[in-house]
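Structure, as structure tokens:
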Amino acid sequence: MDYRRTLLKDLLTSPAGAEATAHGWVKTRRDSKGVSFVQLNDGSCFKDLQVVIESGSIPEDQLKHATTGAAVSFTGTMVDSPGEGQSVELKATSMTIYGEADPVTYPLQKKGATMEFLREIAHLRVRGNTFGAVTRVRNRAAAAVHNFFQNRGFYWVHTPIITASDCEGAGAMFAVSTLLHHAPDGGFVLSSKDPADDFFGKPAYLTVSGQLNVETFAMGLTNVYTFGPTFRAENSNTPRHLAEFWMIEPEMAFCDLDGDMNLAEEFVREVIQDIMDGCAPDLEFFNQRVEPELLKTLDHVVNSGFERMTYTEAVNLLVNSGETWEFPVSWGSDLQSEHERWLTEKKVGRPVILTDYPKEIKAFYMKQNEDGKTVRAMDVLVPRIGELIGGSQREDDLKKLEARIEELGLDKAAYWWYLDLRRYGSAPHAGFGLGFERLIMYVTGMKNIRDVIPFHRASGQAEF
RNA sequence: UGCCGCAUAGCUCAGUCGGUAGAGCAGCUGACUGUUAAUCAGCGGGUCGUAGGUUCGAGUCCUACUGCGGCAGCCA
């Protein structure tokens, strides 16, 4: 056996008459008097290979072990299929059973299961249609992300996963420590209360964003991006938050907010187009079984420009919308989910980029506008998901950045290296952050973020 | 973390007014010369999430807990 052996996706396009051996897991078997059919899948494509076994060609006491979930291979000849649903099929003359799957206890069945149930058997759900398709789309998307940036001269920067600066300010963090030990009674023991005794000599955490680190690389390599795991210790309990997720953060020197928005728009359109080109059967499945509007929406996104408006314009639209809001809208308040969704789903009907938010509701590092009230921030809002991207032009003026840090009562000393970027060779720069799983949700139509990552990590959930 | 909802067979669910449990699918056995989530017949399968309480009697009503989901907040 060798990894180079033929995958099912290649067999499905091979000509009739070819000798072939097909390895995979049995989806289902249908028996009738003189012939049996086995649906075989190896994850290499959405479609199953139909294996035909004429009675007598394989001993019955062998074939009976080819039950749903079993790992098997069939050898025989590829033939034109007289049935509908496939152009070729494998007429088998011998089979090998690698691993049986007891049909009484094997939890997957050929009929539908809920996403909640499949989540409980995350180690087996990869064999099902939905999760196989999610995985292929996720893989294609990751490759498309790298291609997009590589084709534009961006360098992939591996920013640290452990950070000892708690100044990232993007949310609650997981502490990283060697001071914590398990006691025999099952509890925890702290071998020292002094952070100076800890591994790094000071408190350390899992990163909540690589942005501050990657900004340093932009101020020298010009166009850079991160693509890696990110952690938030928020006790969020929603279908769109994870404790561990993958984030993409481009950062560009000599670039302003307009350039940032252009990149975001190109990015979303090109990555989606790439997935549509490479995963058509998977998307067709999602469109049929998961989200009926999916293909229509993706087509629309790829072929139409994103609407752009300022926060102030958006607030005016919301105030004069005639809708009754659970949370009232007024200039200065953060937009709620209901407001964002109305804008992108009802008012505009496609992705919207909102810009120039009040400085009070955005991060300290964002470029301050002349009006003294707003900053050069942008959020990309898309139907079904809400906020997909958050970005900004960064404040490159040392004095203004220092003033903002002091105004917010932050510890200026902790930002010494970040402020150095403005002290030496400062340049206009901008970037954004995009949650990879949210992109996958958007492209697949999947409703829960826990179903677009192999093994989800959320509060109270770290099985597998 | 707050509010709301749900928890009954392997899965998806029904269970009326409180009177000791039902269906479809899956599984098993058999039938059928080509099926496509095959079809047809038969069979087996339950500590009704856990712990209390009310009641002659609780799957059903009440309380707490656990788990899951939805919405909201935090955000990506």
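Residue numbers start from 1 in every chain, and the chains themselves are labelled A, B, ... in the order their sequence lines are given, proteins ahead of strands.
Distance from the side chain of A:Glu387 is smallest to B:A76 among B:C28, B:U36, B:A76. The side chain of A:Gln86 lies closest to B:U36, out of B:U36, B:C75, B:C68. Residue A:Gln461 has its side chain nearest to B:C68 when only B:U36, B:C68, B:A76 are considered.
Each of A:Arg29, A:Lys9, A:Lys27 was checked for a salt bridge (Lys or Arg N to Asp or Glu O under 4.0 Å) with A:Asp48, and the lone residue meeting it is A:Lys27. Looking at A:Tyr155, A:Trp156, A:Tyr225 one by one, the single match for ring-ring contact (aromatic ring centres under 6.0 Å, His included) with A:Phe149 turns out to be A:Tyr225.
Nucleic acid contact class of A:Gln50 (heavy atoms, under 4.0 Å, all strands): base.
Side-chain contact, A:Asn147 with A:Asp274: no donor N or O sits under 3.5 Å from an acceptor N or O. With hydrogens and angles left out, the side-chain atoms of A:Thr226 and A:Glu249 include a donor and acceptor closer than 3.5 Å. Between the side chains of A:Tyr365 and A:Glu215, no donor-acceptor pair is found at a separation under 3.5 Å.
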Show me the dot-bracket string of RNA chain B, counting Watson-Crick or G-U pairs under 3.5 Å, with | for pairs to another strand and [ ] for crossing ones. (((((((..((((.....[..)))).(((((.......))))).....(((((..]....))))))))))))....
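Using a 4.0 Å cut-off, no side-chain N or O of A:Arg30 falls inside it from OP1 or OP2 of B:A37.
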What N/O pairs connect the protein and nucleotides 4-7 of chain B at under 3.5 Å? Give each pair on its own line.
none

Show the distances under 3.5 angstrom between N or O atoms of the protein and N or O atoms of nucleotides 8-14 of chain B.
| unit_1 | atom_1 | unit_2 | atom_2 | d |
| --- | --- | --- | --- | --- |
| B:G10 | N2 | A:Gln109 | OE1 | 2.9 |
| B:U12 | OP1 | A:Thr114 | OG1 | 2.7 |

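Here A:Asp451 pairs with A:Arg125 in a salt bridge; the nearest charged N to carboxylate O distance falls below 4.0 Å. With respect to the salt-bridge test (charged N to carboxylate O, under 4.0 angstrom), the residues A:Lys347 and A:Glu307 do not qualify.
A:Val348 is not listed as a side-chain neighbour of A:Leu343, based on a closest heavy-atom distance of 4.5 Å or more.
Interface remark: the A:Arg450 side chain does not form any donor-acceptor pair with the B:C68 base, using a distance-only criterion of under 3.5 Å.
Distance check, rounded to the nearest 0.5 Å: CZ of A:Phe267 to CG of A:Asp260 gives 12.0 Å.
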